[in-house]
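In what follows, a structure is listed as structure tokens, so that the remarks can point back to it.
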Amino acid sequence: MSVAQSSQTVEQQPFFNVIQDRRSVRYYDSDVKISREEMKEILQQATLAPSGANLQPWRFLVIDSQELKQKLLPIAFDQQQVVEASAVIAVLGDLEGYTLAEKIYGMAVDAGYMPEETAKSFVERYQGMFASMPPENVLRKVFIDSGLVSMQLMLVARAKGYDTVPMGGFDQAKFVEAFDIPERYAPVMLIAIGKAATPGHPTVRLPIEDVAFFNEMPKA
């Protein structure tokens with residue numbers, strides 16, 4: 001093995017460890033708190049995830065108040081990790097996120113990533129496209145992007161030594177009401193984050209032959 005190959009293997013290994021070590025953890029050490037500063041770092045790294053037209057329609061409501069976690073508990077069907085974890089991150093999709101296109105592409109111009117004329121044409125294109133798109137199509141796109149950032153968030157957390165569990169099991173209508181969520185935001189999932197009190201149990205995955213196909217799908 002060449003020096004270059006050896007170096008590449010060493011650099012890649014920690015990332016694969018993160019993927020392999022990530023578990024859905026449901027029991028947390030309630031004494032462990034994540035500082036606001038570190039939480040912002042985790043979220044900032046998570047937002048490096050891709051999104052359609054780079055519109056970044058994800059929004060995060062970080063619930064780290066014990067009182068509010070108790071309020072969330074029955075809404076999340078009494079899943080104990082809600083109150084034991086350091087925080088619960090509600091991932092929301094912004095159905096009007098395209099209205100920030102001018103700011104996003106303006107930042108790209110300021111950073112030297114694109115000419116001003118290109119940015120202007122992108123703003124006009126995507127604001128017009130999303131404004132005229134059926135609501136169900138906007139919701140679908142927002143859910144895809146929110147799923148991408150959620151997975152990245154969980155991997156970033158694991159890389160920093162924390163554990164997570166994504167939760168789709170919660171009463172969305174009651175959540176929206178209890179936390180006064182404006183209509184433009186669609187709840188996607190809750191993610192508990194903290195330090196495991198009990199490790200997540202290993203799980204199995206289907207053989208790759210059962211889920212991946214080349215050039216054509218099986219007939220049955």
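This structure is a prediction, so every number in the text was calculated from the model and none was measured.
Within the 3.5 Å criterion, the main-chain N or O of Ile181 finds no donor-acceptor partner in the side chain of Arg184. Not a single donor-acceptor pair under 3.5 Å links the side chain of Gln79 to the backbone N or O of Met167. Side chain of Gln152 to backbone of Gln45: a donor-acceptor contact under 3.5 angstrom is found. Proximity of a side-chain donor or acceptor of Lys160 to a complementary backbone N or O of Ile42 within less than 3.5 Å is not detected.
With a 4.5 Å cut-off on side-chain heavy atoms, Asp145 and Leu55 do not count as touching. When side chains are defined from C-beta on, Met39 counts as touching Ile89, because their heavy atoms get closer than 4.5 Å. No side-chain heavy atom of Trp58 sits less than 4.5 Å from a side-chain heavy atom of Val188. You'll find the side chain of Leu48 stays beyond 4.5 Å of the side chain of Val156, heavy atoms only. No side-chain heavy atom of Ile191 sits under 4.5 Å from any side-chain heavy atom of Phe60. The shortest side-chain heavy-atom distance between Ile104 and Phe122 does not fall under the 4.5 Å cut-off. In this structure the side chain of Leu148 reaches within 4.5 angstrom of the side chain of Pro50, judged on heavy atoms. Side chains of Tyr28 and Val83 form no contact here, defined as non-hydrogen atoms less than 4.5 Å apart.
One hydrophobic cluster, built from ILVMFWY side chains closer than 4.5 Å, holds both Leu190 and Leu61. Under a hydrophobic clustering in which Ile, Leu, Val, Met, Phe, Trp and Tyr are joined whenever their side-chain heavy atoms come within less than 4.5 Å, directly or via other members, Met129 and Phe143 fall into the same cluster. In the hydrophobic clustering of ILVMFWY residues, with side-chain heavy atoms under 4.5 Å counting as a link, Val91 and Val176 come out apart. Val18 and Met151 fall within a single hydrophobic cluster, where Ile, Leu, Val, Met, Phe, Trp and Tyr are joined by side-chain heavy atoms under 4.5 Å apart, directly or via other members. Clustering ILVMFWY residues whenever any of their side-chain heavy atoms sit less than 4.5 angstrom apart, transitively, puts Tyr27 in a cluster other than the one holding Leu72.
Across all non-hydrogen atoms, the minimal contact from Val142 to Gly93 is CG1-CA, 3.1 Å. For Arg59 against Gln56, the heavy-atom pair with the smallest separation is NH1-O, 2.7 Å. Listed here is the closest heavy atom pair of Val25 and Gly200: CG2-N, 3.7 Å. Considering all non-hydrogen atoms of both residues, Pro187 and Leu92 come closest at CA-CD2, 3.7 Å. Closest non-hydrogen pair, Met133 versus Asn137, comes out as CG-CB, 3.4 Å. Residue Ser86 comes nearest to Gly194 through the heavy atom pair OG-CA, 3.6 Å, listed as atom of the first residue, atom of the second, then distance.
In summary, the side chains of Arg205 and Thr203 do present a donor paired with an acceptor at a separation below 3.5 Å, with no hydrogens or angles considered.
Atom NZ of Lys141 has 12 or fewer heavy atoms from other residues, nucleotides or ligands within 6.0 Å. Counting heavy-atom neighbours within 6.0 Å of Glu38 CD, excluding the residue itself, gives a total above 12. The number of heavy atoms from other shown groups lying within 6.0 Å of NZ (Lys120) does not exceed 12. Counting heavy-atom neighbours within 6.0 Å of Glu136 CD, excluding the residue itself, gives a total above 12. Around atom CD of Glu177, no more than 12 heavy atoms belonging to other residues, nucleotides or ligands sit under 6.0 Å away. Gln44 CD: 12 or fewer foreign heavy atoms inside a 6.0 Å radius. Heavy atoms of other residues, nucleotides or ligands lying less than 6.0 angstrom from NZ of Lys40 number 12 at most. Residue Phe77 places its CZ atom among more than 12 non-hydrogen atoms of other residues, nucleotides or ligands, all under 6.0 Å distant.
A cation-pi geometry, defined here as NZ or CZ lying under 6.0 Å from the six-membered ring centre and within 45° of its normal, holds between Lys195 and Tyr162.
Going from atom OG of Ser146 over to atom CG of Leu153 covers 11.5 Å, rounded to the nearest 0.5 Å. Summarising the geometry, atom CD belonging to Glu124 is positioned 12.5 Å from atom OH belonging to Tyr105; distances are rounded to the nearest 0.5 Å. To the nearest 0.5 angstrom, Leu95 atom CG is 10.0 Å from Glu183 atom CD. Between the CD atom of Glu102 and the OH atom of Tyr126 there is a distance of 16.0 Å, given to the nearest 0.5 Å. To the nearest 0.5 Å, the span separating CD on Gln70 from CG on Leu73 amounts to 6.0 Å. With rounding to the nearest 0.5 Å, the separation of CG in Asp163 from CZ in Arg22 is 10.0 Å.
Between Phe130 and Tyr98, the two ring planes are parallel [angle under 30°; tilted spans 30° to 60°].
The pair Arg36-Asp64 meets the salt-bridge criterion, with a side-chain N (NZ, NE, NH1 or NH2) lying under 4.0 Å from an Asp/Glu carboxylate O.
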Side chain to side chain contact (heavy atoms under 4.5 Å, CB included) assessment of Lys71 paired with Glu67: CA-CA 6 Å; Lys71 182 179 180 179; Glu67 179 183 355; over 6 Å; no
Take Lys103 and Met107 through the test side chain to side chain contact (heavy atoms under 4.5 Å, CB included) and record every step on the way to the result. CA-CA 6 Å; Lys103 178 176 182 177; Met107 291 169 63; 4.2 Å; yes
